[in-house]
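Following: one structure in structure tokens, then a few remarks.
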Amino acid sequence: MKMTLLGTSCPAVSTRRFGPASLVRHMNQSFLVDCGSGCTQRLLAAGSTGRDLDAIFLTHLHSDHVIDLYQVIISSWHQNRDKPQKIYGPKGTRAFVQETMKLWQLEREARIAHEKRRSIAAFQIDVVEFEAGSLLKTADLEVHAFPVAHAPVKSAFGFVFEAPGQKLVFSGDTGPCDSLVEAALNADVLVHEVFIHEGLAPVGLRTAEGIHAVQSYHTLSTDLGSIATKARAGCLILNHFVPPDFDPKPLIATLRQAYSGPIIIGEDLMTFDLESKTVRYKELSFAL
Ligand SMILES: [Zn+2]
Ligand SMILES: [Zn+2]
């Protein structure tokens, strides 16, 4: 199984870190986890396209995680997708998808009539709204969802991708919670969000109260090391950086106080091969 980080930022705009999205590839299957801003460009750079996707998994419906969903759908059609798109999302996803498709309906119909392509099957969207549990099971891969703590968001989930001898876990957006530790137990790779509170100050429209509110539904860097240790994670990959610009050294030092395994600062288009336990990023390649 291979996992590529497509976007490692949060709602904050960054030229280096795009919106939250990740690609999971295993055998001939490929899955997109979240559709943050810029994910179709990153998909292409990762050697994939929306045409190839077998399913899209949404952790929750915060805009930073779903803003490019329509872009995935329309660009997949332009990439010659000729089959329906399957989307697994929490409660509310069906209405969100219906409204999104409705918003673009007139433009889409005019485009379909004008472009005269051979298929419009890519616009058939099969939505599966899920609660926690198994979502997909094939002979060599199982995906399941677990609830996380992202209140006031009611339905927020993390995902476990399991292949024989390989376990990959995405935290989604969450504060510390037992359900994550339980689901991530003995993961080979834990891809976890991180809130670097030392990096945020009340400037511009941002207030101290607002920073506190945001950090209350994320995981502080000071808490993440012990979470990875409790989960006995084989490797911790940091993702969804709030803020997207930070000093990596003190961040690693903070995490190192409570976690002794490999810690990787996730970067857009970094790929982790779970079989060979190898990380690839630009010209770099190293085994753990
Ligand atoms: Zn987010
Ligand atoms: Zn969120």
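Read the numbers this way: they start at 1 and go in the same order the structure lists the ligands and their atoms.
Of the candidates I87, I67, L58, L58 is the only one forming a side chain to side chain contact (heavy atoms under 4.5 Å, CB included) with C35. With respect to H240, the side chain to side chain donor-acceptor pair (under 3.5 Å) criterion is satisfied by exactly one of T8, D34, D173: D173.
The Zn ion (ligand 2) lies closest to atom NE2 when only the N/O/S atoms of H150 are considered.
Looking only at atom types and distance, the side chain of Q166 has no donor-acceptor partner in the side chain of E162 under 3.5 Å away.
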Item to check | Trace of the side-chain hydrogen bond (donor to acceptor under 3.5 Å, both in side chains) decision for T4 with R25 | outcome: CA-CA 8 Å; T4 302; R25 285 175 279 200; 3.3 Å; yes
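T40 is linked by a side chain to side chain donor-acceptor pair (under 3.5 Å) to Q71, counting only residues two or more places apart in sequence or in another chain.
Atom CD of E107 has more than 12 heavy atoms from other residues, nucleotides or ligands within 6.0 Å.
Around the Zn ion (ligand 1), the protein contributes the following N, O or S atoms under 2.8 Å, ordered by chain and number: D64 OD2, H65 NE2, D173 OD2, H240 NE2.
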